[in-house]
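Letters A, B, ... mirror the listed sequences (proteins, then strands); counts begin at 1. Being a predicted model, the structure only gives us computed values, none of them experimental.
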There are 2 protein chains.
Amino acid sequence: MFIQIEPQSDVPIYEQVTRQIIEGIARGEMKPGDTLPSVRALAADLGVNMHTVNKSYHELEAKGIIVIRPKSGAIISSTEERALTPDQLRQIEKNLKPVVAEGMVLGATVEQIEHMMKKVFADLQIPAEGV
Amino acid sequence: MFIQIEPQSDVPIYEQVTRQIIEGIARGEMKPGDTLPSVRALAADLGVNMHTVNKSYHELEAKGIIVIRPKSGAIISSTEERALTPDQLRQIEKNLKPVVAEGMVLGATVEQIEHMMKKVFADLQIPAEGV
DNA sequence: ATATTTGTTATATATCTAATATAACAAATT
DNA sequence: AATTTGTTATATTAGATATATAACAAATAT
């Protein structure tokens with residue numbers, strides 16, 4: 001598995017798992033229809049508790065990114081199943097805001113921030129504007 | 001004061017205070033050299049405990065955004081005092097990444113995300129590219 | 001000079017989150 | 001038939017969040 005846990009991060013373990021699975025999907029390393037490892041298997045792999053992975057999976061399900069089939073497994077939902085509601089768009093914007101604001105106050109220029117966005121897109125293997 | 005607390009947010013109160021002060025500085029509502037209200041005054045204003053505001057101020061100081069002069073007050077540091085170290089730039093990129101990744105996986109296009117960035121810049125009253 | 005305000009420090013308490021540990025259940029899969 | 005699955009339950013530990021109250025000593029205001 002591609003997931004790497006930083007035990008002393010201020011980001012909770014279940015949140016690290018959630019983020020890295022999302023990034024894996026964004027990169028295309030995992031596609032819709034693919035099954036995630038069982039909570040027990042991934043937990044053993046990462047050296048964490050089963051419930052920690054379970055919490056992450058349910059967070060992913062709440063976001064509409066996976067579907068959990070009880071007693072069976074977790075499947076990455078198709079892009080058609082993912083609505084992208086106005087609420088979700090608003091939430092993304094709400095999440096971007098404090099990061100950008102902090103960057104600006106610390107002295108970053110608009111160009112620097114946009115350059116970082118391009119790096120993030122590139123890291124997610126998404127064709128960025130004018131690349 | 002311009003700060004509005006959402007008591008039932010999943011974002012801790014001290015973090016809400018920190019973010020809104022940063023946004024206030026980004027918008028130019030507060031300038032370098034300005035003093036923040038005393039922790040007691042702001043706490044009373046917001047209806048929260050003194051220590052909650054104090055924690056926020058120390059977070060701002062750790063980020064290099066304000067300087068706390070004991071027994072005196074908290075002053076917004078000058079842009080010259082703010083280094084913008086490679087570490088800070090890396091941190092900003094690290095903060096942007098999960099937000100962008102989630103947006104993409106939920107089905108947002110690069111254009112939609114860049115449009116949201118422009119809205120954020122506009123909200124922070126920063127002239128965005130080609131506006 | 002005196003009184004007030006300031007951030008600091010200390011102690012205490014309550015609540016919530018995060019994480020682990022263990023166990024059992026019943027359905028799905030092998 | 002045996003194993004694996006997500007689920008549910010209970011319990012414990014540790015840390016974060018937030019409040020409450022109090023006192024201290026330096027800075028500021030009157």
Item to check | Start and end of the DNA chain C segment that chain B contacts, any atom under 4.0 Å from a heavy atom | outcome: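 Extent of the interface on DNA chain C: dT6(C) to dA10(C).
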Checklist entry - Is it true that the side chains of Glu81(B) and Ser78(B) contain a donor and an acceptor less than 3.5 Å apart? => result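 Per modelled atom types, Glu81(B) and Ser78(B) side chains form a pair under 3.5 Å.
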Checklist entry - Do Glu15(B) and Thr18(B) have a side chain donor and acceptor closer than 3.5 Å? => result no
Checklist entry - Looking at Arg19(A) and Glu23(A), does any basic side-chain N land under 4.0 Å from a carboxylate oxygen? => result no
Checklist entry - Is it true that Arg90(A) and Asp87(A) make a salt bridge, defined as a side-chain N closer than 4.0 Å to a carboxylate O? => result yes
Checklist entry - Whole Å only: how far is the CD atom of Glu15(A) from the C1' atom of dG15(D)? => result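 The distance from CD of Glu15(A) to C1' of dG15(D) comes to 17 Å, rounded to the nearest Å.
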Item to check | Between dA18(D) (P) and Leu46(B) (CG): distance, integer Å | outcome: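 So the CG-P distance, Leu46(B) to dA18(D), works out to 12 Å.
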Checklist entry - To the nearest 0.5 Å, what is the distance between CD1 (Ile92(A)) and NZ (Lys97(A))? => result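 Spacing of CD1 (Ile92(A)) from NZ (Lys97(A)) equals 15.5 Å.
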Checklist outcome for this item: To the nearest 0.5 Å, atom CZ of Arg27(A) lies from atom CD of Gln20(A) at 8.5 Å
Next on the checklist: Tell me the bend of the helix from dA1(C)-dT30(D) to dT30(C)-dA1(D) as the angle between end helix axes, each from five pairs, rounded to the nearest 10 degrees.
Outcome noted: 40°
Item to check | Transitive ILVMFWY side-chain link Leu60(B) to Ile5(B), under 4.5 Å | outcome: yes
Checklist entry - Among the clusters formed by ILVMFWY side chains lying less than 4.5 Å apart, do Ile3(B) and Met30(B) turn up in the same one? => result yes
Next on the checklist: For Lys55(B) and Met50(B), find the nucleotide of DNA chain D closest to each by heavy atoms; which residue's nucleotide sits nearer the 5' end?
Outcome noted: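 Of the two residues, Lys55(B) wins.
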Next on the checklist: Can a donor-acceptor pair be found, under 3.5 Å and without considering hydrogens, that links the side chain of Glu114(B) to the backbone of Glu111(B)?
Outcome noted: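 Checked: no pair found.
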Distances under 3.5 Å between protein N/O atoms and the N/O atoms of nucleotides 26-29 of chain D, please, pair by pair.
unit_1: dA27(D); atom_1: O4'; unit_2: Lys71(B); atom_2: O; d: 3.4

Item to check | Arg40(B) or Gln16(A), whichever maps to the more 5' nucleotide of DNA chain C | outcome: Arg40(B)
Item to check | Minimum heavy-atom distance Pro32(A)-Ser77(A), with the two atoms named | outcome: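 Heavy atoms of Pro32(A) and Ser77(A) come nearest at CB-O, 3.5 Å.
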